[in-house]
Amino acid sequence: MNILFLGYGKMGSILAQRLDGQIKIIRRSSQDNFPKNYQADLVFLCIKPQGAEKILAEFSRRKFFHKNTIFISILAGKKIAFFEKIFGKKAKIIRSMPNLPIQYLEGIFAYLYNKNISKSEVKNLEKIFQNFGEIIALKNEKDFDAITAIFGSGPAYIFLLQEIFEKIAVSFGITSSAKLVKKLFLGSALMAESATENFAKLRQSVTSKNGTTEAALKILQKNSVLEKLFKKSVNAAIAKSKKLSKE
Ligand SMILES: NC(=O)c1ccc[n+]([C@@H]2O[C@H](COP(=O)([O-])OP(=O)(O)OC[C@H]3O[C@@H](n4cnc5c(N)ncnc54)[C@H](OP(=O)(O)O)[C@@H]3O)[C@@H](O)[C@H]2O)c1
């Protein structure tokens, strides 16, 4: 299978590493050299959304594709109609939102396909997407806003929590704080991954009555302040995602 990457930055290179096939790359900083009549079966569009229209129009003129080529966009905020305008109404387009943990096969890959893609093509594509981690088929374009705000931006929220934990540990003079915080998050994630109970039950199972954990949780959960703060933050990211889709 001929796989072409338009854009090979942070995300493009992570996705490419998880794929089998003849991979070719177009980027800004290096001259590309394509065999005559080269045609890709899959094209991953991995450039930035800003200025994408011009880059894609130029790419479209080079005709590195055939009538059954599938275009997979990872551009935040750019809708399927945007790509249909460039590649034609009959083009097979997938809009997706991967997150960074894909590099460890622990990512989330949300996607939506247009009507030109057949059921059997979807089946084959899903096998490919499974190389990235957990896949989730979306039904509506508007679902991308919440998926982006929660799971796309999610790693940054977790890193912020880790930063806070590290600062607190350092303030108590604990050595190797960063290393310990990493283990705390990794260990807890592994516990959650293997648990059969839901998150609330899992939390209760590690919280003894009148114990130290309970004392801390009473403050963290008071009036749902923390939950409301996270909800407010995610809503801000959703609003930004919607705004970017309109630009
Ligand atoms: N990073 C994330 O967490 C994440 C998550 C989900 C979705 N996304 C989406 O992924 C896309 C790429 O993000 P990124 O973080 O990977 O960006 P990036 O690291 O800046 O990569 C952008 C790539 O586009 C190439 N490029 C720029 N102008 C070009 C042109 N005229 N022709 C050909 N290639 C060109 C760049 O080439 P050079 O290498 O030569 O500069 C670079 O390889 C964005 O649309 C973003 O919305 C990112």
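Whatever order the structure lists them in is the order used to number ligands and atoms, beginning at 1.
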Fill in: Partners passing side chain to side chain donor-acceptor pair (under 3.5 Å) against Gln31 (at least two apart in sequence or in another chain)
none
Worksheet, complete the sentence: Taken in chain and number order and not counting sequence neighbours, the residues that satisfy side chain to side chain donor-acceptor pair (under 3.5 Å) with Asn99 are none
Item to complete: Answer with yes or no after comparing the ring centroid distance for Phe71 and Phe83 against a 6.0 Å cut-off, counting only values under it.
Response: no
Worksheet item: What salt bridge (charged side-chain N to carboxylate O under 4.0 Å, His left out) pairs are there with at least one residue in residues 13-34, not counting sequence neighbours?
Response: Asp32-Arg62
Item to complete: State plainly whether one hydrophobic cluster holds both Phe44 and Ile117, where clusters connect Ile, Leu, Val, Met, Phe, Trp and Tyr through side-chain heavy atoms under 4.5 angstrom apart.
Response: yes
Response to the item:
Contacts for ligand 1, heavy atom under 4.0 Å, by chain and number, are Leu6, Gly7, Tyr8, Gly9, Lys10, Met11, Ile26, Arg27, Arg28, Ser29, Cys46, Ile47, Lys48, Pro49, Ile55, Ile74, Leu75, Ala76, Met97, Pro98, Leu100
Discussion item. For Glu141, I'd like to know if atom CD has over 12 heavy atoms of other residues, nucleotides or ligands within 6.0 Å.
Written reply: yes
